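Read the structure below first, then the notes.
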Amino acid sequence: MDLRHLRYFVAVAEELSFTAAARRLHISQPPLSQQIRDLEIELDAGLFVRTSRRVELTAAGTALLAHARTILSEIEAAVEDVSALGSGRTGLVRVGTTGSVLMGPLAQLTADFARAYPGVTLRLRELGPFEQVAALHARRLDIIFLRHPPPDPELRAEPAWRETVEVCLPAGHALAATNRLPLAALAGEPFVSLRLRDSRFSQHLRDCCLAAGFTPRVEHEVVEAYSQASLVAAGLGIALVPESMRRLGRADIVFRPLEPPVPNADVEMLYHGDRSAAVDRLLDLARAARSAA
């Protein structure tokens, strides 16, 4: 018995007419009748009582109809489930990121993805940069968004969006009177920095300071940009931060752009080559947003 037998049988059972069933199935009546006869021979049971005026189900036919409908319904559901997974309309995407990255376009990207693909569950996990890479390698995450990720031949990487670095200053700081600051103007200032051993972005900022002719005097090290803002607001130092930090909207800190060459705070997406279709849909959305920016 194959699925075609069951589909043909259900059509005849529901129409109670070989002519109407053949029309519904878009086939001629003789092959349909032959298929039903083949099914009856295989099952060793008559499925229909045929007269010149009507077609009726036998007891065996009635029993088969219930099973056939269940089987066909389950197969249709299985096909839909597999198709949805294969096309990325359902599934699970586990995203790793940091709090400062969430202040950029990632939050909007997540919301846009939820609207475009309501059948996909997207879970965000806020982790340190190196923790994200480890979790991605261990397949506990499907995609991560990082600034200045380490080169990794086992992962694929591409730009997510571009950002520049700005100076975060306590409100009322003398340097806040300048609209655009040269990086060298920060020499001698106390810095609130992301912890160097946890962040290649922090290492990048340190290298930029060295290129500008000074070693940043780091007074406080933290693991998140929110903490930088709080310590800067308390007057404990200044910080080099991504421009998206402006979205904090705090009155006790101010932001000033830097003169060229301006360090970048670009964000990249890292993922595996053998990713799911749902991850591909997120990548497509991120690429479209990047192109439109």
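What you see is a predicted model; the values in this text were computed from it and never measured.
- Side chain of Arg180 to main chain of Leu258: a donor-acceptor pair is present (N/O by atom type, distance under 3.5 Å, no hydrogens or angles).
- Here the side chain of Arg275 pairs a donor or acceptor atom with the backbone of Gly273 at under 3.5 angstrom.
- Contact check for Ser199 versus Phe130: no side-chain heavy atoms found under the 4.5 Å cut-off.
- Side chain of Thr121 to backbone of Leu92: no donor-acceptor contact under 3.5 angstrom is found.
- Side-chain atoms of Arg94 never come within 3.5 Å of backbone atoms of Arg125 as a donor-acceptor pair (strictly under, hydrogens ignored).
- Among Leu141, Thr98, Thr97, the one residue that satisfies the side chain to side chain contact (heavy atoms under 4.5 Å, CB included) test with Leu127 is Leu141.
- With hydrogens and angles left out, the side-chain atoms of Asp142 and His272 include no donor and acceptor closer than 3.5 Å.
- Once rounded to the nearest 0.5 Å, the distance linking SG of Cys168 with CG of Leu248 reads 8.0 Å.
- With hydrophobic clusters built from ILVMFWY side chains whose heavy atoms lie under 4.5 angstrom apart, Val165 shares a cluster with Leu169.
- With salt bridges taken as basic N to acidic carboxylate O contacts below 4.0 Å, none links Arg256 and Glu166.
- Within the 4.5 Å cutoff, the side chain of Glu219 has no heavy atoms near those of the Leu236 side chain.
- A donor and an acceptor atom, one from each side chain of Gln29 and Thr19, are located under 3.5 Å apart.
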### Task
Kindly determine whether Arg37 and Gln34 satisfy side chain to side chain donor-acceptor pair (under 3.5 Å), including the steps that lead there.
CA-CA 5 Å; Arg37 280 195 293 271; Gln34 183 62 52; 3.2 Å; yes
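- For the atom pair Thr215 OG1 and Phe191 CZ, the distance stands at 10.5 Å (nearest 0.5 Å).
- Residues Glu15 and Arg54 are not paired through a salt bridge, judged by the lack of any N-O separation under 4.0 Å between the basic side chain and the carboxylate.
- Rounded to the nearest 0.5 angstrom, Ile238 CD1 and Gln228 CD are separated by 11.0 Å.
- The backbone N or O of Leu106 sits less than 3.5 Å from a side-chain atom of Thr110, completing a donor-acceptor pair.
- A donor-acceptor contact under 3.5 angstrom links the side chains of Ser100 and Arg147, judged on distance only.
- Both Tyr226 and Val232 belong to a single network of hydrophobic side chains, linked directly or stepwise wherever heavy atoms of I, L, V, M, F, W or Y lie under 4.5 Å apart.
- When atom types are taken as modelled, the side chain of Glu42 and the backbone of Leu39 share no donor-acceptor pair closer than 3.5 angstrom.
- Follow the hydrophobic side-chain contacts under 4.5 Å out from Leu282 and you reach Val267 in the same cluster.
- The local environment of CG in Asp2 is crowded, with over 12 non-hydrogen atoms from other residues, nucleotides or ligands closer than 6.0 Å.
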### Message
Apply side chain to side chain donor-acceptor pair (under 3.5 Å) to residues His173 and Glu189 and explain how you reach the verdict.
### Response
CA-CA 11 Å; His173 193 284; Glu189 292 287 337; 3.2 Å; yes
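- Shown here for Ala68 and Leu6, the closest heavy-atom pair between the two residues is CB-CD2, 4.0 Å.
- Remark: the backbone N or O of Gly188 is paired with a side-chain donor or acceptor of Arg217 at under 3.5 angstrom.
- Using a 30° and 60° split on the angle between ring planes, His204 and His148 fall in the parallel class, below 30°.
- A salt bridge between Glu56 and Arg50 is absent, with no side-chain N of the basic residue lying under 4.0 Å from a carboxylate O of the acidic one.
- When atom types are taken as modelled, the side chain of Thr51 and the backbone of Arg53 share a donor-acceptor pair closer than 3.5 angstrom.
- Grouping the Ile, Leu, Val, Met, Phe, Trp and Tyr side chains by contacts below 4.5 angstrom, directly or via other members, places Leu3 with Leu64.
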### Task
Test Leu65 against Phe9 for side-chain contact (heavy atoms from CB on, under 4.5 Å), laying out the working first.
CA-CA 8 Å; Leu65 180 59; Phe9 164 74; 4.0 Å; yes
### Task
Please test Ser193 against Glu221 for side chain to side chain donor-acceptor pair (under 3.5 Å), starting from the C-alpha separation and ending with a verdict.
CA-CA 5 Å; Ser193 173; Glu221 282 192 322; 5.1 Å; no
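- Here the CE atom belonging to Met103 is positioned 9.5 Å from the CZ atom belonging to Arg247, to the nearest 0.5 angstrom.
- Shown are Leu194, Val192, Val167; of these, the side chain to side chain contact (heavy atoms under 4.5 Å, CB included) with Leu240 is made only by Val167.
- In this structure, the side chain of Gln203 engages the main chain of Leu196 through a donor-acceptor pair within 3.5 Å.
- A distance of 10.5 Å separates CZ in Arg23 from NE2 in His26, rounded to the nearest 0.5 Å.
- Comment: Glu224 does not engage Arg195 in a salt bridge, judged by the lack of any side-chain N to carboxylate O separation of less than 4.0 angstrom.
- With a 4.5 Å cut-off on side-chain heavy atoms, Phe145 and Trp161 count as touching.
- Pairs engaging residues 257-274 under the salt bridge (charged side-chain N to carboxylate O under 4.0 Å, His left out) rule: Arg139-Asp274, Arg162-Asp266 [sequence neighbours left out].
- In terms of hydrophobic clustering, with Ile, Leu, Val, Met, Phe, Trp and Tyr side chains grouped at heavy-atom distances under 4.5 Å, Val95 and Leu155 are assigned to different clusters.
- No donor-acceptor distance shorter than 3.5 angstrom exists from the side chain of Ser227 to the backbone of Val223, with no hydrogens or angles considered.
- One distance of note links CE of Met245 with CZ of Phe255; it measures 5.0 Å at 0.5 Å rounding.
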